[in-house]
Asks: 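My questions will all concern the structure given below.
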Amino acid sequence: MFFSSKRVALLLGFSIALVTTAFLSLVEGVSTQALLVGSLLAFSSSYILIQVALDFLVFREIKKIYTMINKLRRKDLSFVEEEKLESSVNPLRRINREILDYAAHKQKEINDLKKMEEFRREFVANVSHELKTPIFAAQGFVYTLLDGAAEQPKLRKKFLKKAARSLDGLDLLVQDLLTLSQMETGGIKMHYEHFNIQETVQEVFDQLESEAEKKGITLKLENTQPATFVYADRQRIYQVMINLVGNAIKYTKQDGKIVTILFTESDTGVDIVVQDEGRGIPTGDIKRIFERFYRVEKSRARNKGGTGLGLAIVKHIVEAHKSEVQVKSKVGEGSTFSFMLPRGEKPIQPALEISQPESEEVE
Ligand code: ADP
């Protein structure tokens, strides 16, 4: 570089020495020796001072900026993590800081995009696999029928039933996928209303009664109050309860076990708890069970009829109610899922034919 710190310091030092000597020569009685010493002193001190100042304040920072720009050109953003710049009054250092902030921002964007791409690839692979399973099964049953099983009434019914069950599974999966995608794109409106959640739980029990009975599981609603009012989207909360109680039944093996629902009312809201005495979830898996298609049992053959999307939907709905699902579980002992909802009020019964107020709609 033409403007190196040494050259600039040399030039300025020489000029300062020249000016100092010129001024000294105007003073009467100053000897040539003193003039020489004065100019030497002026030159060396100004040379050293200027070089140090330029090196530390300007050229070092400029060099850093160049290195950063070169790294940015090569898309090497590793320096973003390494570099830590303290705030400074030096404008060059501030420029340096700006570049670093910009690079850090870009690095975050790149990381997010990479993660999204990975997530998208995984999601497409999972959806394809989950769709393929029931389609292949139904296809197999239909071909078996075509190959002759249809001639025998007993076999015909058996294979038709199996094909229908596979297609039901497919239908469930597509419905869950649609619900999830609508929730993520904000396409679903929440319809908030005041309602008695104990009635909702009773409807869930009615729906899942036969499934529980088949496995010898008792469904129990532990209520200290005759009614528990919450302010939420009734349909969505019904879906949450179906998924949670459904899982509690699905992942409980032995006869004689109990699935309990309980409510705790407090000033902050109503805590809704679904407790089972099933197989439990290993600690390492707990934080992942809300991911789409994540299953504790890794083999795909383990699918107990679930779509692998149930808890992802639960999480979305509960979060839409500004709440969070808590999980406590111990392998072999059971699991507890809980979440809070805002307290509701008992709706005032209209005296006679008074038109019902419409429920509030919130995006
Ligand atoms: P699935 O359709 O597989 O049930 P979910 O999203 O509902 O999908 O649940 C994800 C996984 O979390 C399940 O595959 C299961 O391994 C685990 N899980 C969920 N609820 C329970 C529970 N009550 N007891 C034990 N494991 C559970």
Side-chain angles (χ1 to χ4, degrees), residues 119 122-123 125-134 137 165-166 168-181 183-184 201 204-205 207-208 211-212 214-222 236-262 272-320 324-339:
F119 181 72
E122 224 174 79
F123 183 66
N126 276 327
V127 171
S128 324
H129 191 100
E130 297 291 335
L131 288 174
K132 198 179 74 186
T133 313
R165 218 173 297 140
S166 296
D168 284 348
L170 191 65
D171 181 42
L172 256 180
L173 177 64
V174 174
Q175 272 179 34
D176 277 0
L177 278 171
L178 274 175
T179 313
L180 258 185
S181 88
M183 294 194 114
E184 278 170 6
V201 169
V204 171
F205 282 1
Q207 172 89 18
L208 299 173
E211 219 175 292
K214 265 189 240 161
K215 297 182 84 178
I217 293 167
T218 311
L219 301 176
K220 194 167 103 188
L221 173 62
E222 221 163 70
R236 303 270 152 227
I237 295 301
Y238 174 80
Q239 199 170 356
V240 166
M241 296 310 284
I242 281 275
N243 289 357
L244 291 182
V245 179
N247 276 354
I249 299 170
K250 216 170 11 172
Y251 301 109
T252 301
K253 256 192 201 153
Q254 307 94 320
D255 275 358
K257 297 285 178 184
I258 305 170
V259 171
T260 317
I261 313 287
L262 34 108
I272 297 131
V273 180
V274 180
Q275 215 170 45
D276 67 55
E277 300 172 340
R279 65 169 198 209
I281 306 161
T283 319
D285 290 302
I286 291 183
K287 55 182 179 306
R288 299 204 58 193
I289 53 174
F290 293 96
E291 289 173 19
R292 305 170 202 185
F293 299 116
Y294 187 83
R295 287 164 174 130
V296 175
E297 58 286 20
K298 296 289 175 278
S299 127
R300 300 257 184 194
R302 83 307 52 140
N303 194 350
K304 298 186 173 190
T307 60
L309 296 172
L311 287 181
I313 293 174
V314 165
K315 183 172 179 268
H316 262 288
I317 297 175
V318 172
E319 280 176 0
E324 208 184 326
V325 190
Q326 308 286 343
V327 189
K328 280 189 208 138
S329 191
K330 215 165 185 195
V331 174
E333 288 183 21
S335 313
T336 304
F337 287 77
S338 62
F339 61 97

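Order of appearance sets the numbers: ligands from 1, and atoms from 1 within every ligand. Note that this is a predicted model, so its numbers are computed, not measured.
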Asks: Under 4.0 Å from any heavy atom of I289, which atoms of ligand 1 are there?
Replies: 10 (C), 12 (O)
Asks: I need the atoms of ligand 1 closer than 4.0 Å to a non-hydrogen atom of R295, numbered in the order shown.
Replies: 3 (O), 14 (O)
Asks: Apply the test side chain to side chain contact (heavy atoms under 4.5 Å, CB included) to residues L311 and Y294: give CA-CA distance (whole Å), side-chain angles for both, the deciding distance (0.1 Å), then the verdict.
Replies: CA-CA 9 Å; L311 287 181; Y294 187 83; over 6 Å; no
Asks: Among all residues two or more places apart in sequence or in another chain, which pass the side-chain hydrogen bond (donor to acceptor under 3.5 Å, both in side chains) test with E324?
Replies: none
Asks: Per the side chain to side chain contact (heavy atoms under 4.5 Å, CB included) rule, which among T179, V127, V314, L173 passes with L309?
Replies: L173
Asks: Is there any N or O on A312 that sits under 3.5 Å from an N or O of ligand 1?
Replies: no
Asks: Can you sort out which atoms of ligand 1 are near Y294, meaning under 4.0 Å from one of its heavy atoms?
Replies: 10 (C), 11 (C)
Asks: Which atoms of ligand 1 are found less than 4.0 Å from any heavy atom of I281?
Replies: 25 (C), 26 (N), 27 (C)
Asks: Within the structure, does G280 bring an N/O atom to less than 3.5 angstrom of an N/O atom in ligand 1?
Replies: no
Asks: Is it true that the side chains of N243 and Q239 contain a donor and an acceptor less than 3.5 Å apart?
Replies: no
Asks: Mark up the atoms of ligand 1 that fall under 4.0 Å of a heavy atom belonging to V296, in ascending order.
Replies: 16 (O), 17 (C)
Asks: What verdict does the side chain to side chain contact (heavy atoms under 4.5 Å, CB included) test give for V318 and F290, after you've listed the backbone C-alpha separation in whole Å, the side-chain angles of each residue and the deciding distance to 0.1 Å?
Replies: CA-CA 12 Å; V318 172; F290 293 96; over 6 Å; no
Asks: Of the backbone atoms (N, CA, C, O) and the side-chain heavy atoms from C-beta on, which set of F290 has a member under 4.0 Å from an atom of ligand 1: side chain, backbone, both, or neither?
Replies: neither
Asks: Quick check: do I272 and L262 have side-chain heavy atoms less than 4.5 Å from each other?
Replies: no
Asks: Can you list the atoms of ligand 1 that are under 4.0 Å from a heavy atom of K250?
Replies: 1 (P), 2 (O), 4 (O)
Asks: Excluding sequence neighbours, so at least two apart, what forms salt bridge (Lys or Arg N to Asp or Glu O under 4.0 Å) with K132?
Replies: none
Asks: Give the atom numbers and elements of ligand 1 that come within less than 4.0 Å of a heavy atom of G308.
Replies: 1 (P), 2 (O), 3 (O), 6 (O), 8 (O)
Asks: How many angstroms lie between atom CD1 of I313 and atom CG of L180, to the nearest 0.5 angstrom?
Replies: 4.5 Å
Asks: Once you restrict to heavy atoms under 4.0 Å, what part of V314 touches ligand 1? Side chain, backbone, both or neither.
Replies: neither
Asks: Which atoms of ligand 1 are found less than 4.0 Å from any heavy atom of S335?
Replies: 24 (N)
Asks: F337: heavy atom below 4.0 Å from ligand 1, yes or no?
Replies: yes
Asks: Got a salt bridge between E184 and R292, using NZ or NE/NH1/NH2 to carboxylate O under 4.0 Å?
Replies: yes
